[in-house]
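Notes for the one structure printed next.
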Amino acid sequence: MGEKNKDLNTLCVHEGELPIDQYKTAVSPLYFSTAFDYQDQRRDQYPRYFNTPNQIGLNQKIAALDHCESGLVFASGMAAITSTLLGLLSAGDHMVIQNSIYGGTYNFVANHIGDFGIQYDFTDGLEAEDFAQKIKPNTKIIYIESPSNPLLEIVDFKAIVEAQYGVDVIIHSATKYMSGHSDILAGTVACSQQLRDRIAKRAKMLGGNLSDLTVWLLDRSIKTMGLRVDAQNKNAMIMATWLEAQPQVERVLYPGLTSHPDHALAQSQMCGFGGVVSFELSKKFSAVSFLNNLKLIKRASSFAGVESTALIPALTSHSLLTSDQRSALGISDQLIRFSVGIESAEDLQSDIAQAF
Ligand SMILES: *Cc1c(COP(=O)(O)O)cnc(C)c1O
């Protein structure tokens with residue numbers, strides 16, 4: 001990432017620092033208050049309005065990191081997603097949404113958003129034409145996600161953006177790499193001031209703000225995000241390459257490998273290939289026993305922490321689908337999603353080798 005990385009790390013550490021008061025602290029103080037002087041300029045200051053001092057500081061950091069005018073921090077990735085969709089869509093509007101999408105988002109759109117009179121279509125695939133095909137005169141939102149989970153397919157942002165549309169809103173589940181220590185649930189939105197105001201208007205009513213204590217903790221976690229993600233990218237590349245050479249492994253899915261079908265696309269639009277590696281164990285081995293045999297790598301359902309974790313999608317994230325539905329998606333019972341942490345790659349390899 002070179003020069004760009006430097007900028008990113010500086011922003012991660014310093015952007016949104018609060019003005020230091022009489023104590024001259026090196027770290028922004030935590031203002032833990034639900035009540036503020038109403039005669040001040042900001043008469044509507046309140047945590048649920050996303051405008052306490054610590055929220056303002058972190059909102060600014062998120063905006064800077066995503067190169068947007070404005071940012072908002074939420075209590076979860078799902079709060080960020082639902083507040084954004086309900087903030088920008090009204091009854092009679094239509095959205096186009098990628099077919100391979102995070103389960104919670106899929107559920108919200110497929111089973112809830114219709115209750116608000118909002119129409120939607122899932123795409124049939126991930127190509128730009130798949131999105132274009134579903135657009136209607138009343139389409140207001142096109143929702144994309146990349147890489148997909150757990151197969152790590154890459155969506156061609158540039159083709160979709162060029163075919164139409166541009167990107168107006170960037171959403172992150174900050175529970176993942178922004179937090180990075182498997183201890184904070186949060187979400188972020190970055191966009192123009194105008195869209196931010198529309199989203200915030202609805203979000204204030206939905207009440208999905210993050211508590212100021214967690215805002216402060218998340219701000220601290222983000223300070224090391226660049227370093228952590230760099231280390232995880234490197235480790236994941238080493239692990240993916242190593243796994244591909246193991247006879248016990250049927251295939252490895254990692255956008256950084258030349259064997260990945262979207263490798264060239266990933267190379268053109270990602271500055272690192274991420275910390276998640278998915279792989280299929282050979283049919284001779286039981287995926288459940290393999291996971292149970294791991295000692296260093298923990299069985300866990302979330303990902304992106306500094307500690308390595310692994311899960312079997314067929315038994316967790318995709319357990320509600322039938323076996324046929326999973327096969328249609330390409331998710332076999334032998335598939336393992338491995339979130340690579342910052343432990344030494346050698347230790348991770350020894351752990352996997354003994355678990356085989
Ligand atoms: C984790 C995740 C979410 C949900 O975020 P939470 O913080 O768990 O609410 C949504 N979308 C994607 C792509 C995710 O990875």
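Remember, predicted model here, so these are calculated numbers, not experimental data. Remember, it's 1-based here, ligands and their atoms both numbered in the order they're listed.
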Exercise for the section: Kindly state each residue pair satisfying ring pair (Phe, Tyr, Trp, His ring centres under 6.0 Å) with at least one member in residues 195-224, sequence neighbours excluded. Expected result: none
Handout entry: Of all pairs that satisfy ring pair (Phe, Tyr, Trp, His ring centres under 6.0 Å), the ones with a partner from residues 69-107, not counting sequence neighbours
Key = Phe50-Phe74, Tyr106-Phe122
Completion exercise
Contacts of Phe32 meeting ring-ring contact (aromatic ring centres under 6.0 Å, His included) (sequence neighbours excluded), chain-then-number -> none
Handout entry: Inter-residue atom distance His260.NE2 - Arg251.CZ, 0.5 Å rounding
Key = 9.0 Å
Exercise for the section: Give a yes or no on this: more than 12 heavy atoms of other residues, nucleotides or ligands lie within 6.0 Å of atom OH of Tyr46. Expected result: no
Handout entry: Neighbouring protein residues of ligand 1 - any heavy atom closer than 4.0 Å
Key = Ser76, Gly77, Met78, Ile81, Tyr102, Glu145, Ser173, Thr175, Lys176, Leu185, Ala186
Problem - Salt bridge present between Asp93 and Lys140 (N-O < 4.0 angstrom) - result: yes
